[in-house]
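Below is one structure; the comments refer to it alone.
This chain uses plain numbering: 1 for the first residue, then up along the sequence. Because the structure is predicted, anything quoted here is derived from the model rather than measured.
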Amino acid sequence: MTAPTLAKIAAACAVLMVLASCANTIRGIGRDTAGAVNATEDAGHKVKRAVVN
């Protein structure tokens with residue numbers, strides 16, 4: 001293999017790694033957001049039960 005070919009392969013691998021890390025970050029943000037929504041809903045239900053009782 002020639003040097004330009006190896007450079008292209010290395011660049012493609014670097015781009016794929018960056019894209020994969022972005023996908024993991026976005027997935028993690030989605031999980032965090034879902035957890036915050038669930039916690040807020042649970043707190044609202046607790047307040048509602050406390051008021052009704």
Side-chain angles (χ1 to χ4, degrees):
M1 289 190 169
T2 63
T5 303
L6 289 176
K8 289 177 184 177
I9 291 172
C13 288
V15 168
L16 289 174
M17 288 190 319
V18 167
L19 291 176
S21 66
C22 289
N24 288 334
T25 301
I26 291 170
R27 192 175 310 127
I29 291 171
R31 288 180 186 156
D32 292 344
T33 303
V37 169
N38 289 338
T40 303
E41 287 178 348
D42 290 343
H45 291 302
K46 287 179 184 178
V47 168
K48 181 179 177 181
R49 283 193 301 267
V51 170
V52 171
N53 291 332

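- Between the CZ atom of Arg27 and the OG1 atom of Thr25 there is a distance of 9.5 Å, given to the nearest 0.5 Å.
- Between the NE2 atom in His45 and the OG1 atom in Thr40 there is a gap of 10.5 Å [rounded to 0.5 Å].
- Closest non-hydrogen pair, Thr2 versus Thr5, comes out as OG1-OG1, 3.0 Å.
- Under a 4.5 Å side-chain heavy-atom criterion applied to ILVMFWY residues, the cluster that includes Val51 comprises Val47 as well.
- Residues that satisfy the side chain to side chain donor-acceptor pair (under 3.5 Å) test with Ser21, not counting sequence neighbours, are absent from this structure.
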